[in-house]
Amino acid sequence: MFQAHYQVLRPLTTAHLAQTMTLLSLTADELRQNIDAELASNPALEMIEERRCPTCHRLLPDHGSCPVCSRPQSISSDDPVVFVSPSEDFYSGGSIPVDEIPEEHFSPITEDLPTYVLSQIATELAQADRRLAAYLLTHLNEDGLLTTTLEEVARYYHIPLSKVAAIQHIIQRAEPIGVGSCTTQEALLVQLDVLSETRPIPELACNIIRDGMELLTHRQYGELARLFQVSLHQIQSAVKFISENLNPFPARTHWGDVRQPTPQASQVYHRPDILINHLNDDPGNPLVVEIILPYNGTLRVNPLFRQAIQQSSLEKREDWKNDLERASLYVKCLQQRNHTMQRLMLRIVSFQKEFILHGEKYMKPITRAQISQELQVHESTISRAVASKTVQLPNRRIIPLSEFFDRSLNVRYILREMINRETHPLSDSELVNLLAEKGYSVARRTVAKYRSMEGILPAHLRHAMLQPA
DNA sequence: CTATGGCACGGATT
DNA sequence: AATCCGTGCCATAG
C-alpha cells in the first residue's frame, strides 16, 4: 500500500515520467482531446459516470463531497482551497462545427481564433467558400492579420481575385472586427466602416487613417495637423477617438480600463484552465482554486476488462495485458499531473494572493526555479506546467499563468501611475530616480522599454497630450 | 548637452 | 540548445 501511494507521487519509469510531462504541459482543451484519444484507442480504460453536487451543480471528484459547498468553515481563511474540478460545464458553450471544415486546413489544437471566426460566418458561406475562408483564417498572424496576400490565394486556388476579396470582406466583419485584413490600416478602416453603421464617426479620423497612416503610427501629430490643415487639438481628439474605438490588431483585445493602445495588449482567451474565485463569490470567503479537468466523470481502469483477460484466448491475452498496462499507467500519469498542478497552484496562489486580490501593483517577483525547489521537482516541470495555461481571476479577467512570474508587472504599474499623475512630463531618468525612491531599482534603459510596452509616449511627446481640455 | 531608441551581451527561462 | 528579458553602450534627434 505504501508502494501504491508512492507511485502516485514519484514517477518510477521513464515512460511514466515522459507521459506525465506531456500531460502536464497540456491545456484543459488539449487534455480533453488527449483523453478522448486514449479512451478511444484503449479498451481497458473507461469513464465512470458523473456525480454532481446537489447544491452547486459542480461535478464531484472521484471520492467524497463537493469541495466548494462542503468546505468546512473551520478552514483557516488564509488558506486558499485548491482542487481539481472535473467541470464539463465551462466547456459546453464553445462547440465548433468541426465536420464542416476540411481536414487539411483545420488544426483544432493550436488555433482558437480561426475556428471562432469560422463558426460565426459558416452559415453565410456556400460549402465551397468555407474551404477558402478556412484557408484564409489559417494564415493569420497572432495579431489577426493576414500573412499571405489575396493575389497568392487567388493563384493558389485558381479563382478570381474578386472572389477572394469577397470572402475576406465577410471575414473582416466577423468578431473580432477587422480580422483577416492585410494591414493594420485596412483593419482600422473596416472597423470604422462597421462602426459608422451604428453611430456617427468623425470624418477626420477616417481621413487620418486613409491618408495619414504613416504619420499616425509614428505619432507625428504636428505633421498630421499640417497635412490636413487643422489644429493640433483637432488631430488629438481624432486620435483619441481612434485609440478608444479602434484596434489595429484585431486579435488583440484590451480590457475595459482606459489605457493607451498598448502595443502588446493582452490577448483575449476564451477558456481558462484554472479558475480562481472567492467561495460563493463572497469576498469575505477564502479563495477557491479550480483546476479545470474537462472531462465528464472519472477515468479509471475498467474492472470488467481485467476479468475478461482471464477468460480470453492465449494470443489475445498478451495484447490485452499490454492495454491494461497502458491504461493504468495513463491513469497514474493523469493523477500525477493533477497532483503537481494542485501543489503548484497552492503555492502560487498563496504567494501571489495580494496580486490576485488587489491587482498588478502587488505582484511579487518570483521565478520558476524558486517554486521548483520548494516543490522538489525539476524546474522544467514547472516550466511545462506554467506554459500555455490561462487563469481566470476573481475579477473575471483571464490571464496567462506565466503572468504570475512576470517580475516587471508591478514596476510597470507604478510607472503608469506616476506618469498618469505627473504634472510635468517626466523624462526616463527622472522616472528612474522616482522608482528608486520607492525601492525599485531599474535601469534607465529599462524604464524606456516598459514605457513603450505600456504604449506611453516619450516625455517630449506627452507634453501636448496633457492639456487638450 | 539631454533624452531616447537600436544593438548586443549575459543570465534566466523554456 | 534556443529564446526572452534587463541592461550597458553608442548613435541620433531635438
Side-chain angles (χ1 to χ4, degrees), chain A residues 17-18 20-27 30 109-110 141-143 214-226 232 260 262-267 273 337 340-341 344 347-348 351-352 360 363-391 399-416 418-419 422-436 438-466:
Chain A
L17 185 69
T20 306
M21 281 300 183
T22 314
L23 290 182
L24 198 60
S25 62
L26 298 182
T27 67
E30 292 160 356
I109 297 178
T110 52
N141 64 16
E142 58 193 8
D143 299 326
E214 182 70 10
L215 294 173
L216 178 66
T217 51
H218 294 101
R219 304 201 155 102
Q220 308 196 351
Y221 303 136
E223 286 294 311
L224 280 172
R226 198 176 325 150
L232 187 61
Q260 301 291 326
T262 58
Q264 33 171 258
S266 332
Q267 220 178 314
D273 302 284
R337 171 198 194 265
T340 307
M341 286 302 297
L344 171 65
R347 190 68 199 107
I348 291 183
F351 187 83
Q352 297 286 24
E360 300 180 356
M363 166 74 65
K364 287 187 268 182
I366 182 150
T367 68
R368 294 158 177 81
Q370 263 172 277
I371 294 221
S372 73
Q373 273 209 337
E374 292 175 24
L375 264 50
Q376 289 292 300
V377 292
H378 197 272
E379 36 185 287
S380 75
T381 310
I382 304 290
S383 276
R384 287 161 184 273
V386 167
S388 76
K389 293 206 177 57
T390 56
V391 188
I399 61 168
L401 185 53
S402 56
E403 200 157 307
F404 284 92
F405 296 89
D406 189 330
R407 50 182 153 155
S408 68
L409 209 60
N410 53 353
V411 184
R412 296 214 301 269
Y413 182 86
I414 308 258
L415 195 67
R416 280 212 304 273
M418 293 193 323
I419 294 180
E422 76 187 357
T423 51
H424 166 76
L426 298 164
S427 76
D428 288 348
S429 34
E430 286 173 302
L431 288 168
V432 170
N433 294 332
L434 285 173
L435 281 172
K438 292 181 182 254
Y440 300 97
S441 126
V442 283
R444 189 233 97 218
R445 192 62 193 79
T446 309
V447 169
K449 284 264 162 87
Y450 289 171
R451 210 171 29 67
S452 68
M453 286 171 89
E454 298 293 332
I456 300 171
L457 297 173
H460 58 279
L461 293 177
R462 282 206 304 278
H463 183 256
M465 306 291 280
L466 276 180

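Computed over heavy atoms, backbone and side chain alike; hydrogens, waters and symmetry mates excluded. A note on names: the letters A, B, ... follow the listed sequences, proteins ahead of strands, and every chain is numbered from 1.
- A:Ile399 places none of its side-chain heavy atoms less than 4.5 Å from the side chain of A:Thr390.
- The separation between A:Tyr440 atom OH and C:dG6 atom P is 15 Å, rounded to whole Å.
- Whole-Å rounding puts the A:Leu461 CG to B:dT4 C1' distance at 10 Å.
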- Chi angles and distances behind the salt bridge (charged side-chain N to carboxylate O under 4.0 Å, His left out) call for A:Asp428, A:Arg445: CA-CA 8 Å; A:Asp428 288 348; A:Arg445 192 62 193 79; over 6 Å; no
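- Taking atom CG of residue A:Leu426 and atom P of nucleotide B:dT4, one finds them 10 Å apart after rounding to whole Å.
- In plain terms, the two heavy atoms of A:Val432 and A:Val442 that are nearest each other are CG1-O, 3.5 Å.
- Taking only side-chain nitrogens and oxygens, A:Ser429 comes nearer than 4.0 Å to OP1 or OP2 of B:dA3.
- Counting heavy atoms from C-beta on, the side chains of A:Arg451 and A:Pro458 come closer than 4.5 Å.
- Whole-Å rounding puts the A:Asn433 CG to B:dA3 P distance at 11 Å.
- When the P atom of B:dT13 is taken as reference, atom CD1 of A:Ile366 falls 11 Å away, rounded to whole Å.
- The backbone N or O of A:Ala385 lies less than 3.5 Å from a partner atom in the side chain of A:Lys389, making a donor-acceptor pair.
- As a whole-Å value, the separation of A:Glu379 CD from B:dG11 C1' is 13 Å.
- Between the side chain of A:Gln373 and the backbone N or O of A:Gln370 there is no donor-acceptor pair closer than 3.5 Å.
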- How does each nucleotide of nucleotides 7-14 of chain C score, in 5' to 3' order, for protein heavy atoms under 4.0 Å: base (B), sugar-phosphate only (S), or none (-)? BBB-----
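- The shortest distance between the side-chain N/O atoms of A:Ser408 and the OP1/OP2 oxygens of C:dG6 is below 4.0 Å.
- Between A:Arg451 and B:dG5 there is a side-chain N or O to OP1 or OP2 distance below 4.0 Å.
- Put simply, the side chain of A:Asp406 reaches to within 4.5 Å of the side chain of A:Arg412, judged on heavy atoms.
- For the pair A:Phe404 and A:Val386, the minimum side-chain heavy-atom distance is 4.5 Å or more.
- Evaluation of the salt bridge (charged side-chain N to carboxylate O under 4.0 Å, His left out) rule for A:Arg347 yields A:Glu374 as partners, not counting sequence neighbours.
- Atom CG in A:Asp406 sits roughly 7 Å away from atom P in C:dG6 (whole-Å rounding).
- The interatomic distance linking A:Asn410 (CG) with C:dG6 (P) rounds to 11 Å, in whole Å.
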- Could you spell out the base pairing of DNA chain C in dot-bracket, with Watson-Crick or G-U pairs whose two distances are under 3.5 Å, [ ] crossing and | to another strand? ||||||||||||||
